[in-house]
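Note that this is a predicted model, so its numbers are computed, not measured. Below, each value reflects all heavy atoms present in this structure, side chains not excepted, and no hydrogens, waters or symmetry copies. Per chain, numbering begins at 1; letters A, B, ... match sequence-line order.
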Number of protein chains: 4
Amino acid sequence: MSSEISPAGATRGRPRSDEVDKAILRATSELLSERGLDAMTIEDVAARAGVGKSSIYRRWPTKGTLALDAFLNDFLAQQPPVDDGTLKGDLQEALTLWSSAVVGTPTGRALVALVAEAQHDHVLAQGWIERVMTPVREQHRTMVVRAIERGEIPADSDIDVIMDLLYGAAYHRLLQGHLSITPEFIELVARMVAEGAKSGAASSH
Amino acid sequence: MSSEISPAGATRGRPRSDEVDKAILRATSELLSERGLDAMTIEDVAARAGVGKSSIYRRWPTKGTLALDAFLNDFLAQQPPVDDGTLKGDLQEALTLWSSAVVGTPTGRALVALVAEAQHDHVLAQGWIERVMTPVREQHRTMVVRAIERGEIPADSDIDVIMDLLYGAAYHRLLQGHLSITPEFIELVARMVAEGAKSGAASSH
Amino acid sequence: MSSEISPAGATRGRPRSDEVDKAILRATSELLSERGLDAMTIEDVAARAGVGKSSIYRRWPTKGTLALDAFLNDFLAQQPPVDDGTLKGDLQEALTLWSSAVVGTPTGRALVALVAEAQHDHVLAQGWIERVMTPVREQHRTMVVRAIERGEIPADSDIDVIMDLLYGAAYHRLLQGHLSITPEFIELVARMVAEGAKSGAASSH
Amino acid sequence: MSSEISPAGATRGRPRSDEVDKAILRATSELLSERGLDAMTIEDVAARAGVGKSSIYRRWPTKGTLALDAFLNDFLAQQPPVDDGTLKGDLQEALTLWSSAVVGTPTGRALVALVAEAQHDHVLAQGWIERVMTPVREQHRTMVVRAIERGEIPADSDIDVIMDLLYGAAYHRLLQGHLSITPEFIELVARMVAEGAKSGAASSH
DNA sequence: CCCTAAACGAGACGGTACGTCTAGTCTTATG
DNA sequence: CATAAGACTAGACGTACCGTCTCGTTTAGGG
């Protein structure tokens, strides 16, 4: 698990046990869906995993970073690359995949809780960017690059802003809870972002 | 303060003291900017305000709802209506106002913490929608209505989605912290949303 | 309970509950005899007494001082004054009373553990002297005073040393465990101390 | 070190290292005077000695027995036999030697801690009797035997009780801390015990 | 002008989880 | 085998807050 604190030296002393890693992450996943990050305690995890508390603290500095590792297994597998032939189609498909992984699911509740937790856990915040935001955006960046190659949108389009509009709208409804994420919403967002992108050269003000 | 629990009966007994209200909200505001919602405890607030804990619990059910009241004073005053003559100009101006109230300010840190807290405090979540989201969107709805009246965008545009795109992108950067909110970002978002809106009839898939 | 930390002001706030005091001391007494001071934990006491841990820490700074209070109830009642008419008889009777309270009893195990604990708990050490050693010696001082008045022993006898010889020998066997405390031992100690006291003027070297 | 657990078989495999023994005992001695038995942990000792924890556990079953070995080196050398010509003189000299080894010294603090520890470490308690109490008393027994041979005290004197009176008084002040051990105290104790011994036949009640 | 009911400051209450620490055991790679 | 290193389970420590609950006191109407 890449976010773990690695043992200082290297091969001296008893090595960390993989069994323990797995048991902790399994217990964390379970508790995360059963009661959410906030109601999950380190002591719960240790008890459920049949592990001493120090074996957890030895690996993860905070509850949030532990939860992040447990979350990643589930989440990333559900965000494969897409290719529909049009920018609007790609955006819609990506957002549909995201929403089906996240809306009303345990994974989604974990995501929401992690974003919340990251607001006061800076280690988690950094891990979140590096291990969730960056990979997902990197993967989806190709959608936009293909659209540029097809001549659908300007060559100097700001890919980051396109991503922010697409996911921003979705995260907004997920986190603020003022309206729900429906297929119609997704279709409209994808259409408007794709359309807006056509006029979206990076800096023409 | 409208979110307070009001005394059941009516006028018997000693009335609630306005001094106490003010002292609590002042202490909350201070502590909120000094150390953030998460590190602020009810006991801190009581001590700072020179007030018994029960005088706080009598008025607000959770730490979040208390913080919401303290936040609202500061925030809403800073979001006046705008009118620039074009949709893109209105959107840009509204977002600029928002960002100057929120980016790098104590108010912004409070906002972020409140959104986080609302993820596991349902009373707060409801209050957040009713007392922050709804008023702000209501106020800004006129921007879009004017654009429709001017014939800039279709009559059946989905105002909610336009708002979600605009604020969603901004909240996204604020909450995820992967990129910063610059004037260029705001300009580009406003332009792309305005452009996208031109093709954004509510349901044409 | 005189060793408790008393509340700062006086009558402000909710007063300490006598019920809680009693429950804690009862639980402590029980656990002390069931498993000894060392194996007794504050958490055990709290659970047994049906009390929060903080209600214990609020009153007693260390496990030792808590145990001391629990011990005192039992012990002091068992050390009434004696009067036999002769010094040797008084000493023998006092030591017999002490030994029957202490040898092979839960109270005795508590005493031994407290003396041990006092070696690294200075607050307890001071409390032990003030609330056990001093009262017992004060009470028994009259035995020696009467012996002086009867002319049995010199007027300038060192009462402290007489006490140290009498109790010292007994504590020695109790704590070192090299030999046991029998009636014959007690009789002989009492006789030898009484006899030694006849030549024991305070400073004739 | 006689209290160590000896290796089961004999000569198979890598032999125990004397260096390790010495390093452990040296580290123990140092830590014992620096912070006392109670604050000394096995992990401290291992770290200071540059040794694995298991190399300590392989040799000594408990912290107390380890400390006992470290203590013995220092202590026993300081208790040579005495011969003054009179019982009172011998007792006084023996007690003076003991007090100068023990009162206000690191050795003394170790002794006190060991007696305390022995109250809940039965292996240590047994070792204490066998390797401290017994040798010292055996050595000093000759003082009393000589006094009997000189006709100073009855032939059927109880040597154990004489020792208990002498050392008991001293240990009492050392452990209870209610009064200090001065030359005057020692002189008076020696005189009173010697005097008491003249009437101290074993069982004449 | 008293009476009564509620609000007030203070702080004790039963709980719960924290993150740290030590104990004593176990598991590596290296001598 | 013994060794140094250090991970392992277990569980107590003392602290910090939680939200509730007494206290004695204060402050208003309503009778």
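Here side-chain hydrogen bond (donor to acceptor under 3.5 Å, both in side chains) pairs that include residues 24-33 of chain D, with residues two or more places apart or in two chains, are D/E30-D/R48.
With sequence neighbours excluded, no residue forms a salt bridge (Lys or Arg N to Asp or Glu O under 4.0 Å) with C/R109. The side-chain contact (heavy atoms from CB on, under 4.5 Å) search around D/S54 returns D/R58, not counting sequence neighbours. Residues satisfying the side-chain contact (heavy atoms from CB on, under 4.5 Å) test with D/V20, not counting sequence neighbours, are D/S17, D/I24, D/V51, D/S55, D/R59. Under the side-chain contact (heavy atoms from CB on, under 4.5 Å) criterion, D/T107 pairs with D/F71, D/D74, D/F75, D/Q78, D/T105, sequence neighbours left out. Residues meeting the salt bridge (Lys or Arg N to Asp or Glu O under 4.0 Å) test with C/K53, sequence neighbours left out: C/E43. In this view, C/D44 and C/R35 satisfy the salt bridge (Lys or Arg N to Asp or Glu O under 4.0 Å) rule, not counting sequence neighbours. The side-chain contact (heavy atoms from CB on, under 4.5 Å) search around C/Q126 returns C/E130, not counting sequence neighbours.
For the segment residues 120-127 of chain A, the set of residues with a heavy atom within less than 4.0 Å of an atom of DNA chain E is empty. Near DNA chain E, meaning a heavy atom under 4.0 Å from it, residues 111-119 of chain C has no residue at all.
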**Request:** Going 5' to 3' through nucleotides 23-31 of chain F, assign each nucleotide B (protein heavy atom under 4.0 Å from a base atom), S (under 4.0 Å only from sugar-phosphate atoms) or - (no protein heavy atom that close).
**Result:** S--BB-SS-
**Fill in**
Scoring nucleotides 11-16 of chain F by protein non-hydrogen atoms under 4.0 Å (B base, S sugar-phosphate only, - none) yields -BBBB-
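For the pair C/S55 and E/dG14, the criterion of a side-chain N or O lying under 4.0 Å from OP1 or OP2 is met.
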